[in-house]
Amino acid sequence: MTDEIYDLGQGFWSIRGSFIKNGIMDIGVQSALIKLASGRFIFLDSYTLTGEVRQQVMALTNDGRDVEAVLNVHPFHTIYCAQMAKDFPQAIFYGSSRHHKQVPDVSWSEDLVESDTVTTRYTELEFSLPKGIYYISPNENVHASSLLVYHPASQSLYINDTFEIPPSKLFQFGFTSHNQASANR
């Protein structure tokens, strides 16, 4: 898998890259870049930017100077945090309590990424923690939860390890309820 950046419109870019799990399979990695109303930018999750994708991000963000913050919304995704902090030293780094413990070299904000302080600071976004699942599982092998982030302007939902999609007619209208399917037979 090669690094790619996708402009989903309205100030939301999806960044996709390669992550080789156990030296065997490329399961991919994702991050997102969001342009705020102020003209500054934030990242959702850390990723080491390289090649053309890095060039595109740097062109958008005034060589990185306009990156205000990095919101690390997945508590188990810590591999790229230290490099992202080197690449954007002026940015505020938000993470979960697990980020603080796993990557102590990063100068983390005292405000946790899931805190009300962060969610009220970035009014262009809507945040939600799923119920019924640990945000930070006591089992280090369970990485199923993430802080969900919705960007209303682009109608993009960012959920790391699950999916990230903009709306489409196929998505909105492509599903038929069980009752409609029975009536159409």
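It should be emphasised that the depicted structure is a prediction, and the values quoted were computed from it without experimental measurement.
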**Message:** I need the full list of salt bridge (charged side-chain N to carboxylate O under 4.0 Å, His left out) pairs touching residues 77-89, with sequence neighbours left out, sorted by first then second residue.
**Reply:** Arg54-Asp87

**Prompt:** So does Glu52 have more than 12 non-hydrogen atoms from other groups sitting under 6.0 Å from CD?
**Reply:** no

**Prompt:** So does Gln90 have more than 12 non-hydrogen atoms from other groups sitting under 6.0 Å from CD?
**Reply:** yes

Rounded to the nearest 0.5 Å, how far does [atom2] of [Y] lie from [atom1] of [X]?
X: Gln102; Y: Ile79; atom1: CD; atom2: CD1; value: 10.5 Å
X: Asp3; Y: Leu49; atom1: CG; atom2: CG; value: 8.0 Å
X: Asn62; Y: Arg40; atom1: CG; atom2: CZ; value: 9.5 Å
X: Leu60; Y: Asp66; atom1: CG; atom2: CG; value: 10.0 Å
X: Phe76; Y: Ser137; atom1: CZ; atom2: OG; value: 5.5 Å
X: Asn72; Y: Cys81; atom1: CG; atom2: SG; value: 4.0 Å

**Prompt:** Strictly by modelled atom types, are Tyr158 and Asp45 linked by a side-chain donor-acceptor pair under 3.5 Å?
**Reply:** yes

**Check: His100/Ser97 side-chain N/O donor and acceptor closer than 3.5 Å** = no

Does any non-hydrogen side-chain atom of [Y] lie less than 4.5 Å from one of [X]?
X: Glu124; Y: Ile34; value: no
X: Tyr122; Y: Ile42; value: yes
X: Lys35; Y: Phe12; value: no
X: Val70; Y: Tyr94; value: no
X: Arg121; Y: Ile92; value: yes

**Request:** For the pair Phe93 and Trp108, name the ring-plane relationship: parallel under 30°, tilted 30 to 60°, perpendicular over 60°.
**Result:** perpendicular

**Item:** Closest non-hydrogen atom pair between His99 and Pro75, with its separation
**Value:** CE1-CA, 3.5 Å

**Complete:** What one should report as the nearest heavy-atom pair of Gln10 and Ala153 is CG-O, 3.1 Å

Same apolar cluster: [X] and [Y], side chain cutoff 4.5 Å:
X: Tyr80; Y: Phe41; value: yes
X: Leu36; Y: Leu44; value: yes
X: Val106; Y: Leu112; value: no

**Residues which pass ring-ring contact (aromatic ring centres under 6.0 Å, His included) with Phe88, listed by chain and number, not counting sequence neighbours** = Phe43

**Asked** What do the steps show when you test Thr48 against Met84 for side-chain contact (heavy atoms from CB on, under 4.5 Å), and what is the final call?
**Response** CA-CA 6 Å; Thr48 301; Met84 194 82 154; over 6 Å; no

**Message:** Check whether Asp7 reaches the backbone of Gly9 with its side chain - one donor and one acceptor, N or O, closer than 3.5 Å.
**Reply:** yes

**Asked** Would a distance-only check, ignoring hydrogens and angles, find a side-chain to backbone donor-acceptor pair under 3.5 Å from Ser115 to Asp111?
**Response** no

Partner residues of [X] under the side-chain contact (heavy atoms from CB on, under 4.5 Å) criterion, sequence neighbours left out:
X: Asp63; value: Met58, Arg65
X: Pro130; value: Ile133, Ser145, Leu148
X: Pro138; value: Tyr134

**Fill in**
side-chain contact (heavy atoms from CB on, under 4.5 Å) test vs Val149 passes for just one of Leu157, Val113, Leu125, namely Leu125

**Request:** Could you please spell out the steps behind the side-chain contact (heavy atoms from CB on, under 4.5 Å) verdict for Glu114 and Ser96?
**Result:** CA-CA 7 Å; Glu114 70 272 17; Ser96 68; 4.1 Å; yes

**Glu4: partners by side-chain hydrogen bond (donor to acceptor under 3.5 Å, both in side chains), with sequence neighbours left out** = Thr2

